[in-house]
A.B. asks: 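My questions will all concern the structure given below.
Order of the sequence lines fixes the chain letters, A, B, ..., with proteins taken first and strands second; residue numbering starts at 1 for each chain. The figures that follow rest on heavy atoms only: side chains count, while hydrogens, waters and symmetry mates do not.
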Amino acid sequence: MSSFAGRMREYPHISLDRFDHENLHARAYFLSHCHKDHMRGMKSPKMKRRLQSSRRVKLYCSLVTKELLLSSRRHLFWEEFIVPLELESPTQISLVDETSGESEELTVTLLPAGHCPGSVMFLFEGGCGNALYTGDFRLASGDAARMEHLHSGGRVKDIRSVYVDSTFFDPRFYQIPSREACVSAILRLVGDWIARSARHVVWLNCKAAYGYEYLFTRLGEEFNTRVHVNNLLMFRRMPEILSYVTGEHRTQIHACRHPKNEANPRGDRLPCGRASPDAADLRVLSIKPSTMWFGERTRKTDVVARSGSNAFRACFSFHSSYCEIKDFLSYLRPVQVFPNVVPIGRTLSEVTRMLRTVCRKPPQENFTYRPLGVLKRSAATTTPHDWDSDNDLFDASAAAPLRKKPTPSRGVPNEPGPYAVAPPAPTEDSLQPDPRDDNDKNDRTELKYNYVDCTESNDDSEDDEGSEEDEESGTKTSTQTGSASVELPKWEDFFTVEPLPDSQNSQSQPCSAPSPAPTRLAGSQTPEAFSEPEDDADDSFVLSLSASDCSSQNRDADGEDRGAGDAPSEPPPGSRVSSDYEKGAAVQEVGQRGGRFLS
DNA sequence: GCGATCAGCT
DNA sequence: CACAGCTGATCGC
């Protein structure tokens, strides 16, 4: 969870991902993605009042983020203040103090962050140097080198500060299987199950958040079906997602949730109730996406773990691993790095200390930063900031003692090595047989998968080496224009916003001073099903499609650990997934790049 | 009654 | 395995 307080040292007049306290006075706002912990204060009455008494303040975000934000009625009052920006299009903005008229020029570039639909990093370039705020991100090792806008004249830009998503910046989370490896494993699990019969259904027990859409679309694509979700409204302008999800519960793949299920958690029921004419006939496989990590010397890299007779955890991470973060930062070599998150079990000073190892040089007593080269004349005067006394910009003070830490060797693997197949797991999950399963041996997931006990995955213990080299892994399909870029998780390409019928290709967004926030059209093509919710008691919108008994959402039911615990069987031939990530990263070329919905 | 915060629980 | 969030209790205004 982000604990970034909202402001960067270099540009204290803007606020990012925070909208409370001091941030109420920002000259401009930036939202990296639509997760609640990055939206604090956004719908407070104070913020609403602040916006209404201002004519200049803007909120900058990606087009997809704008769309997701405005799908919540509670945030509609932001609409006229939003300036959606294209990815990778440097945009100059003026930060004007409304009382004094004082102005500061700043160039911002949105970079894909691979965290969830619409998620971006913000690169700021201005009179106080370059600063990168990563928001939350999941990038593979090597991705930074492919990002055009982190380079200039063939070299990495001189970045003064990086405000980094340090969720997993801890050697405990040394590596996390690649996104593609994880998705592939889930595809296999799902495919094996739903092929058995039409009564076999899969429940993806996802946490309520954006971020699983890529999984849904891959599943829908692979199995030519749609995934049942509770809420379609937010995707109403994102056809690439919309075409793979449904509000109809008659499908074999579900990612729905229902409050009632909490009181009645059963492994043979779906949150939405029935998915077949005869609910009793359902055979439900529960798959819970969850983060799995592996220590530096851990060989085990299985991406699925059995957690019950018909329940699995499957690796899925929205955040970069320790290795990936380290690769990212050591490539950029900023002067300083500030953590946006303190990993669980760590302290701020520990993380700060570890982050120093990837900085350009350790901050010394009276170290003063001098840009390597002045790329831009510092136009307007920015208030000189007291560099040493503004720790209060952050939630907690970052003063940490200097300590030498062994710098992990270079050449960290950017992908886990080939996924070794673990030996059949012991039958420690000696669950009692579930009577419901008795007559249907076929329903047990005859372990086509080995599972790993995730508790073993940590940094210490573990034996022999396992992870070295490996570098650059597979992803080599070239997509991008521009010099440095080869392939990136281009979420924005994938999750485009549906263009209006007549505005197909106007790719240019306001590239100068912020223009008045455009009006969003309530497109005539909006399906009937997406009627606006009638009350705003909730941020979430419920789609009542026909007689669906899904009346709400966002509750967790747990289908795990029920039923008989068969001893896991042998791994299937070819259960390795190592080759899967050679297929390329989370990229789909979907036309409509830059499709716009403004008029 | 509302908002902020925290504990508890996924 | 811990992603991000909801619910409910409590407190202050």
A.B. asks: Could you check which of dA4(B), dC6(C), dC3(C) has an atom nearest any side-chain atom of H115(A)?
C.D. replies: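 Comparing dA4(B), dC6(C), dC3(C) against the side chain of H115(A), the answer is dC3(C).
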
A.B. asks: Using OP1 and OP2 only, check whether a side-chain N or O of H38(A) sits under 4.0 Å from dA4(C).
C.D. replies: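 Answer is no, no contact under 4.0 Å.
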
A.B. asks: What is the distance, rounded to the nearest whole Å, between atom CG of D170(A) and atom P of dA2(C)?
C.D. replies: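 Between P of dA2(C) and CG of D170(A): 15 Å.
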
A.B. asks: Among residues at least two apart in sequence or on other chains, which ones pass ring-ring contact (aromatic ring centres under 6.0 Å, His included) with F137(A)?
C.D. replies: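 Counting only residues at least two positions away or on another chain, F137(A) forms a ring-ring contact (aromatic ring centres under 6.0 Å, His included) with F328(A).
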
A.B. asks: Specify the separation, in whole Å, of atom CZ of R40(A) and atom P of dA4(C).
C.D. replies: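 Rounded to the whole Å, the gap is 13 Å.
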
A.B. asks: Measure the distance from CZ on F318(A) to C1' on dC1(C) and round it to the nearest whole Å.
C.D. replies: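 The answer, rounded to whole Å, is 14 Å.
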
A.B. asks: When you measure from the side-chain N and O atoms of H21(A) to the phosphate of dA4(B), is any distance below 4.0 Å, counting only OP1 and OP2?
C.D. replies: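 Looking at the OP1 and OP2 atoms of dA4(B), neither is under 4.0 Å from any side-chain N or O of H21(A).
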
A.B. asks: Would a distance-only check, ignoring hydrogens and angles, find a side-chain to backbone donor-acceptor pair under 3.5 Å from N340(A) to S2(A)?
C.D. replies: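 Pair absent, no side-chain N/O of N340(A) close to backbone of S2(A).
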
A.B. asks: Indicate, yes or no, whether a donor-acceptor pair under 3.5 Å links the base of dC1(C) to the side chain of S290(A).
C.D. replies: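 Looking at the base of dC1(C), it does not pair with any donor or acceptor on the side chain of S290(A) (distance under 3.5 Å).
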
A.B. asks: Under 4.0 Å between any heavy atoms, over every strand shown, what does Y212(A) touch: base, sugar-phosphate, or nothing? Just pick one.
C.D. replies: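 The residue Y212(A) makes no contact with any strand.
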
A.B. asks: Heavy atoms only, 4.0 Å cut-off, all strands: where does D20(A) land among base, sugar-phosphate and nothing?
C.D. replies: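 Nothing: the residue D20(A), judged by heavy atoms under 4.0 Å, touches no strand.
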
A.B. asks: Could you give the OH-to-C1' distance, from Y214(A) to dC3(C), as a whole number of Å?
C.D. replies: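 It works out to 17 Å between those atoms.
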
A.B. asks: I'd like to check the side-chain contact (heavy atoms from CB on, under 4.5 Å) partners of F318(A); sequence neighbours left out, ordered by chain and number.
C.D. replies: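 Testing F318(A) for side-chain contact (heavy atoms from CB on, under 4.5 Å), a comparison that skips the adjacent residues, returns H115(A), Y212(A), F316(A).
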
A.B. asks: Whole-Å distance between dC3(C) C1' and F216(A) CZ?
C.D. replies: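 Checked: the CZ to C1' distance equals 13 Å.
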
A.B. asks: Main chain of D165(A), side chain of T167(A): is a donor-acceptor contact present, judged purely on distance under 3.5 Å?
C.D. replies: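 Between the backbone of D165(A) and the side chain of T167(A) there is no qualifying donor-acceptor contact (under 3.5 Å).
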
A.B. asks: Below the 4.0 Å mark, does dA4(C) have OP1 or OP2 next to a side-chain nitrogen or oxygen of H35(A)?
C.D. replies: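 Answer is yes, contact under 4.0 Å.
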
A.B. asks: For the pair made of CG in D37(A) and P in dC6(C), what is the distance, rounded to whole Å?
C.D. replies: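 Spelled out: CG on D37(A) to P on dC6(C) is 11 Å.
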
A.B. asks: For the side chain of A209(A), starting at C-beta, report the closest nucleotide among dG5(C), dG3(B), dA2(C).
C.D. replies: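 Of all the options, the side chain of A209(A) is nearest to dG5(C).
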
A.B. asks: Taking the minimum atom-to-atom distance to the side chain of K288(A), which one of dA2(C), dA4(C), dT10(B) wins?
C.D. replies: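 For the K288(A) side chain, the nearest candidate turns out to be dT10(B).
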
A.B. asks: Figure out the CD/P separation between E324(A) and dC3(C), and round it to whole Å.
C.D. replies: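 These atoms are roughly 15 Å apart.
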
A.B. asks: Looking only at atom types and distance, does a side-chain atom of T246(A) sit under 3.5 Å from a main-chain N or O of V227(A), one as donor and one as acceptor?
C.D. replies: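 Here the side-chain-to-backbone pair does not exist.
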
A.B. asks: Could you give the CZ-to-P distance, from F168(A) to dA2(C), as a whole number of Å?
C.D. replies: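 Value for this atom pair: 8 Å.
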
